[in-house]
Trainee: 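One structure, as structure tokens, below. Some questions next.
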Amino acid sequence: MPLFKPLAFFFISLCPCAVMAQETAKLACTGNDLIAVLEPAERDALLAEAAAQPYAEGLLWRATRGDTVIDLFGSYHFRHEQTEAHLARLIPLIDAADTVFLEISNEDQLQMQRDMASNPGLMFITEGPTLPDLLGEDDWQTFSDEMAARGIPPIMAAKFKPLWATLMLGIGPCEARTGGFTGGGIDQRVGEYAKEIGNPSRSLEDFRTLLSLLDELTMDDQIDMIRLSLAWPGNADDLSYTVRQLYLNEQVALTLAFSEYVTRAFGGDAAGQDFDEMMELLLEDRNLNWRNVLRAGISPGDRVFIAVGAGHLPGNLGMLRLLEEDGFTIERLPL
């Protein structure tokens with residue numbers, strides 16, 4: 001089930017998990033816009049595909065049904081240059097909320113980190129061949145160099161489970177070196193603020209469920225994903241820059257469309273089917289599960305604030321369309 005790096009990058013943008021510990025630095029990464037350099041026909045087709053999606057643009061939304069109000073924010077799980085400005089905009093909505101939902105609450109993330117510390121097998125290969133053996137000499141050297149560029153030493157890189165390694169390759173070296181793996185993103189900041197005002201965040205899903213998704217692929221498939229990531233012919237910092245700028249411009253559906261475009265263009269014959277399967281597993285199925293959590297956890301008259309990865313908002317099975325199907329009126333709010 002081979003997948004290409006842009007999809008891996010998008011997935012790690014969905015995963016609100018700080019997987020490394022390093023000093024946080026100011027994010028100041030630049031790059032080239034990979035959409036701007038596409039052939040005009042390709043670019044126009046991509047823009048049209050994105051525009052056709054329900055709720056294609058926008059990060060901040062309100063869903064209203066009677067006297068029940070849900071404010072939803074689409075997050076970028078890594079810290080970026082607008083994180084604190086976004087938090088300032090969200091604070092009044094958090095203040096007004098009876099309940100604050102995150103994909104995984106801050107308290108549950110701490111428990112997840114404790115579980116990973118006590119059970120390294122959640123993230124690392126603890127027995128049998130490690131990545132130098134599984135990849136072979138040439139691919140291991142390339143992989144090791146790429147991980148070192150992201151601040152991860154070879155002795156640690158060797159022991160990552162392949163899918164975790166692929167997810168880390170999906171973020172550009174600059175963004176990784178300047179705090180991308182450390183946390184401090186908007187989800188964490190929302191959770192911290194909610195706790196400060198005495199309304200701790202709640203989880204939309206059990207983190208054990210999320211982690212289990214990462215083990216559904218076979219080892220051979222995961223190794224294939226690393227090799228395909230290493231085959232990416234472009235600049236990884238350009239890719240990170242492009243996706244981050246799309247997010248800051250609130251072009252959420254275009255981010256998804258671009259990820260699919262590059263995956264299909266460079267990922268081989270099975271890439272399209274693989275992309276669809278991963279979208280179902282990591283976005284659509286989770287959205288449906290979260291809707292059930294909200295149905296059970298919200299009463300008439302409640303005021304709710306939700307922050308989830310921005311990719312969960314648009315589309316026919318996006319959170320906004322699902323809430324619309326449940327009788328909510330959806331309106332975009334200025335950010």
Trainee: Do L256 and L317 sit in the same hydrophobic cluster, where Ile, Leu, Val, Met, Phe, Trp and Tyr count as joined when their side-chain heavy atoms come under 4.5 Å apart?
Mentor: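 They do not share one cluster, since no chain of ILVMFWY contacts under 4.5 Å joins L256 to L317.
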Trainee: Show the numbers, then the answer: is there a side-chain hydrogen bond (donor to acceptor under 3.5 Å, both in side chains) between D115 and Q111?
Mentor: CA-CA 6 Å; D115 285 4; Q111 183 59 52; 2.7 Å; yes
Trainee: Say whether, by atom type as modelled, one donor and one acceptor occur between the side chain of T242 and the main chain of D238 under 3.5 angstrom.
Mentor: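 Yes, because the side chain of T242 sits within donor-acceptor range (under 3.5 Å) of the backbone of D238.
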Trainee: May I ask you to test the R286-E103 pair for a side-chain heavy-atom distance under 4.5 Å?
Mentor: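 Of all side-chain heavy-atom pairs linking E103 with R286, at least one is under 4.5 Å.
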Trainee: Measure the shortest side-chain to side-chain distance between F160 and M147 over non-hydrogen atoms and say whether it is less than 4.5 angstrom.
Mentor: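 They are in side-chain contact.
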Trainee: Donor-acceptor pair, K161 side chain versus G121 backbone, under 3.5 Å?
Mentor: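 Yes.
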Trainee: Could you list the donor-acceptor pairs under 3.5 angstrom formed between side-chain atoms of residues 318-335 and any protein atom two or more places apart in sequence or on another chain?
Mentor:
{"from": "R321", "atom 1": "NE", "to": "E324", "atom 2": "OE1", "distance (Å)": "2.9"}
{"from": "R321", "atom 1": "NH1", "to": "N316", "atom 2": "OD1", "distance (Å)": "3.4"}
{"from": "E324", "atom 1": "OE1", "to": "Y55", "atom 2": "OH", "distance (Å)": "3.0"}
{"from": "E325", "atom 1": "OE1", "to": "R291", "atom 2": "NH1", "distance (Å)": "3.3"}
{"from": "D326", "atom 1": "OD1", "to": "R295", "atom 2": "NH2", "distance (Å)": "2.8"}
{"from": "D326", "atom 1": "OD2", "to": "R295", "atom 2": "NE", "distance (Å)": "3.0"}
{"from": "R332", "atom 1": "NH2", "to": "E250", "atom 2": "OE1", "distance (Å)": "3.1"}

Trainee: So E107 and R114, salt bridge (charged side-chain N to carboxylate O under 4.0 Å, His left out) or not? Walk me through it.
Mentor: CA-CA 11 Å; E107 185 60 36; R114 289 192 288 266; 3.6 Å; yes
Trainee: When rounded to the nearest 0.5 angstrom, what is the spacing between CG in L90 and CG in L93?
Mentor: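 It comes to 6.0 Å.
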Trainee: Find out whether I306 and L102 are in side-chain contact, i.e. whether some heavy atom of one side chain is under 4.5 Å from a heavy atom of the other.
Mentor: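 Answer no - side chains too far apart.
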Trainee: Any sub-3.5 Å donor-acceptor pair from N32's side-chain atoms to L34's backbone N or O?
Mentor: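 No; zero donor-acceptor contacts below 3.5 Å.
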Trainee: Salt-bridge test for R189 and E192: reply yes if a basic N is under 4.0 Å from a carboxylate O, no otherwise.
Mentor: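 Here R189 pairs with E192 in a salt bridge, since their nearest N and O are under 4.0 Å apart.
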Trainee: Check whether any side-chain N or O of D302 sits under 3.5 Å from a backbone N or O of I298 as a donor-acceptor pair, and report yes or no.
Mentor: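 No: the side chain of D302 does not pair with the backbone of I298.
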Trainee: Using ring centroids (six-membered ring only for Trp), state whether F101 and F305 fall under 6.0 Å.
Mentor: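 F305 vs F101: aromatic centres not under 6.0 Å.
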Trainee: Would a distance-only check, ignoring hydrogens and angles, find a side-chain to backbone donor-acceptor pair under 3.5 Å from T209 to E205?
Mentor: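 No.
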Trainee: Determine whether Y76 and H86 satisfy the following criterion, ring pair (Phe, Tyr, Trp, His ring centres under 6.0 Å), listing intermediate values before the conclusion.
Mentor: CA-CA 11 Å; Y76 182 91; H86 285 177; 9.7 Å; no
